[in-house]
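Each remark here refers to the structure printed beneath this line.
It should be emphasised that the depicted structure is a prediction, and the values quoted were computed from it without experimental measurement.
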Amino acid sequence: MLNKSVAVVDIRSSEITAVVAERGVNNTFIIKSKFTHTYEGFAEGQLLDIRSFEVAVQSVVQSTISAVNEKIKTFYVSVPGEFSDVINTDNVISFSSMRKVTRSDVKALEDASFPKNDKIWRTIAGGKLFFVLSDKRKVINPIGMLTDSLRGRMCYYRCKQAFIDCVTNAFHPFASVTKINFVPAVHSEAMYLIAPERRDEYAVLFDFGYISSSFSVVCGNGIAFCESFSLGAGHIAFYLTEALDVPYEVATLLLDKVNLNTKEGAVTVVELYHEGKLYKFDANVLKQKVTEGLDLLCSAIDECYANFTEKNLDGKPLYITGECVGTIRGATDHIGNRLVRSLNIAAPNIPYYDKPQFSSLFSLIENALQDKEKSTLFGTLFK
């Protein structure tokens, strides 16, 4: 039976993955099918090759539909940070006298805060950072609290209409798919990877991607600040191609050869055999060039910290996740030392998938399952 399952498409900057999954025991998932296809990726908020994107989406979706041998009506599709933005609102509603807050009151505050769509952006989701009662108490859930006013800090996630159109066009050949739910990746990762008690007083999450990375300040059940930028392990590889005068494919393989935590001898050599040619590099020079590339990433993170002025984040750990956290051995230690901040690696707490490169996918699955469980009374995903 597939009526407890969800179908998701996770879009990263190097590959696209489609999964059909359902909830298992002890916060695990049952993966019924999983297909991945690489593509050209995106940068600066633009797909680098729309046709490459469409081919990748259609490949994984077709494989998924064939594997489950059922008509899938709904897919949940992640929206990378470069195709989304976060709008924070701060509104107040007042009551004629002291009374308990109801769900209708929270809904009224949400409706008053909801941003308007335009030709460029479409609002796809929302979150709640915190609420403030008339006695100045800050709470995450105000329902049932006694007050004569309610202030709400909300966040809303918008997706570029151009990205929505590309995804919709890619799904066009699949007549059985009647609904696409767009899920902001920065939100689903934050809610899944960071415990509620850590989110109550702000937490910082950095997603280290291949071409694109995202920096988010998380608060309550929403995002207080988010910036995405086109820097990642792929750019470090490109930096090596120029610095060492090697093909890009060789540079990407060199990233796996580097260990920034080791101490090399004066004449230590790194050798790489690729397509019939032997490449030799001074290990110390190679590590220096990789750290220079990482320092560019650290500078971008430092700028994100500087741009968030709402609260002092000193002393709070930086949670780091993403597909490229494990690409360069010793990279997280270098980033932590360079930023002078403690780093915590965030990953799914799931056997066999407890690595940062799976964070985006399982965050999306969890978001989709929660949404499905809330709407069970209104129908099932599969016919």
Side-chain angles (χ1 to χ4, degrees), residues 1-24 28-42 47-80 83-84 122 124-125 159-185 188-189 192 323 348 350 352-353 357-383:
M1 294 292 292
L2 293 173
N3 60 355
K4 294 182 180 179
S5 301
V6 291
V8 306
V9 176
D10 182 37
I11 298 174
R12 300 293 293 174
S13 60
S14 61
E15 61 186 24
I16 296 174
T17 299
V19 164
V20 170
E22 65 182 47
R23 197 173 295 285
T28 60
F29 304 100
I30 299 171
I31 305 299
K32 298 199 167 187
S33 69
K34 180 174 179 287
F35 300 95
T36 297
H37 198 292
T38 59
Y39 75 117
E40 293 299 316
F42 54 83
L47 292 169
L48 298 178
D49 187 324
I50 294 177
R51 183 55 188 157
S52 168
F53 174 78
E54 290 180 346
V55 168
V57 171
Q58 290 169 3
S59 173
V60 296
V61 170
Q62 181 61 65
S63 297
T64 299
I65 293 173
S66 300
V68 300
N69 197 28
E70 297 274 355
K71 289 183 178 180
I72 304 179
K73 298 169 61 178
T74 300
F75 271 88
Y76 290 81
V77 177
S78 67
V79 179
F83 298 102
S84 65
R122 183 197 299 181
I124 57 172
C159 178
K160 285 187 176 180
Q161 186 62 50
F163 179 79
I164 291 175
D165 292 341
C166 286
V167 172
T168 303
N169 290 336
F171 271 90
H172 182 72
F174 308 104
S176 66
V177 181
T178 58
K179 187 175 183 181
I180 302 172
N181 288 330
F182 291 92
V183 180
S188 60
E189 282 192 357
Y192 179 62
E323 63 205 88
I350 303 172
Y352 308 111
Y353 293 103
Q357 62 260 39
F358 298 113
S359 292
S360 176
L361 175 61
F362 284 93
S363 298
L364 176 61
I365 293 172
E366 174 63 24
N367 184 288
L369 284 168
Q370 287 185 5
D371 182 74
K372 181 176 176 61
E373 288 158 1
K374 290 177 183 177
S375 58
T376 299
L377 295 177
F378 301 98
T380 59
L381 174 66
F382 296 93
K383 288 183 178 179

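Using bins of under 30°, 30° to 60° and over 60° for the plane-to-plane angle, the ring pair Phe358/Phe362 lands in the perpendicular bin.
Looking at Val61 and Phe171, their side chains come closer than 4.5 Å, going by heavy atoms from C-beta outward. Val19 places none of its side-chain heavy atoms less than 4.5 Å from the side chain of Ser33. Proximity of Ile164 to Gln161: side-chain heavy atoms (C-beta onward) are separated by under 4.5 Å at one or more points. Contact of the Val57 side chain with the Val167 side chain is not registered, since no non-hydrogen atoms from C-beta on lie closer than 4.5 Å. Side-chain contact between Val177 and Thr74 is absent, with no heavy-atom pair separated by less than 4.5 Å.
Checked against salt bridge (charged side-chain N to carboxylate O under 4.0 Å, His left out), Arg122 has no partners two or more places apart in sequence or in another chain. Checked against salt bridge (charged side-chain N to carboxylate O under 4.0 Å, His left out), Glu366 has the following partners two or more places apart in sequence or in another chain: Arg23.
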Could you give me the CA-CA distance, side-chain angles and deciding distance for Glu323 and Ser360, then say whether side-chain hydrogen bond (donor to acceptor under 3.5 Å, both in side chains) is met? CA-CA 8 Å; Glu323 63 205 88; Ser360 176; over 6 Å; no
Would you please test Phe35 and Thr17 for side-chain contact (heavy atoms from CB on, under 4.5 Å) and show each step? CA-CA 6 Å; Phe35 300 95; Thr17 299; over 6 Å; no
Evaluation steps, side-chain contact (heavy atoms from CB on, under 4.5 Å), between Lys34 and Leu361: CA-CA 11 Å; Lys34 180 174 179 287; Leu361 175 61; 4.0 Å; yes
Mind running side-chain contact (heavy atoms from CB on, under 4.5 Å) on Ser78 and Val8 for me, showing each step along the way? CA-CA 8 Å; Ser78 67; Val8 306; over 6 Å; no
Run the side-chain contact (heavy atoms from CB on, under 4.5 Å) test on Tyr39 and Leu48 for me, step by step, so that the C-alpha distance in whole Å, both residues' side-chain angles and the decisive distance to 0.1 Å come before the verdict. CA-CA 9 Å; Tyr39 75 117; Leu48 298 178; over 6 Å; no
Run the ring pair (Phe, Tyr, Trp, His ring centres under 6.0 Å) check on Phe42 and Phe83 step by step: do they pass? CA-CA 10 Å; Phe42 54 83; Phe83 298 102; 5.0 Å; yes
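Across Leu364 and Val77, no two heavy atoms sit closer than the pair CD1-C, 4.5 Å. Taking every heavy atom of both residues into account, Val20 and Val68 meet most closely at CG2-CG1, 3.8 Å. Nearest heavy-atom pair across Ser359 and Ser363 is O-OG, 2.6 Å. Closest heavy-atom contact between Val79 and Cys159: CG1-SG, 3.7 Å. Closest heavy-atom contact between Ile16 and Val60: O-CG1, 3.6 Å.
Atom NZ in Lys372 sits 7.5 Å away from atom OG in Ser5 (nearest 0.5 Å). Annotation: the span from Ser13 atom OG to Leu47 atom CG amounts to 11.5 Å, rounded to 0.5 Å. In this structure, Ser63 OG and His37 NE2 are separated by 8.5 Å, a value rounded to the nearest 0.5 Å. Remark: Lys4 NZ to Ile30 CD1 distance equals 9.0 Å, nearest 0.5 Å. Taking CG of Asp49 as the start and CD of Glu54 as the end, the distance is 9.5 Å to the nearest 0.5 Å. In this structure, Ser188 OG and Ile365 CD1 are separated by 10.5 Å, a value rounded to the nearest 0.5 Å.
Using a 4.0 Å cut-off between charged side-chain N and carboxylate O, Arg12 and Glu15 make no salt bridge.
For Ile50, the CD1 atom counts as loosely surrounded, since its 6.0 Å shell holds 12 or fewer non-hydrogen atoms of other residues, nucleotides or ligands.
Ring centroids of Phe182 and Tyr76 are separated by 6.0 Å or more, keeping the two rings apart.
Pairs engaging residues 174-185 under the salt bridge (charged side-chain N to carboxylate O under 4.0 Å, His left out) rule: none recorded [sequence neighbours left out].
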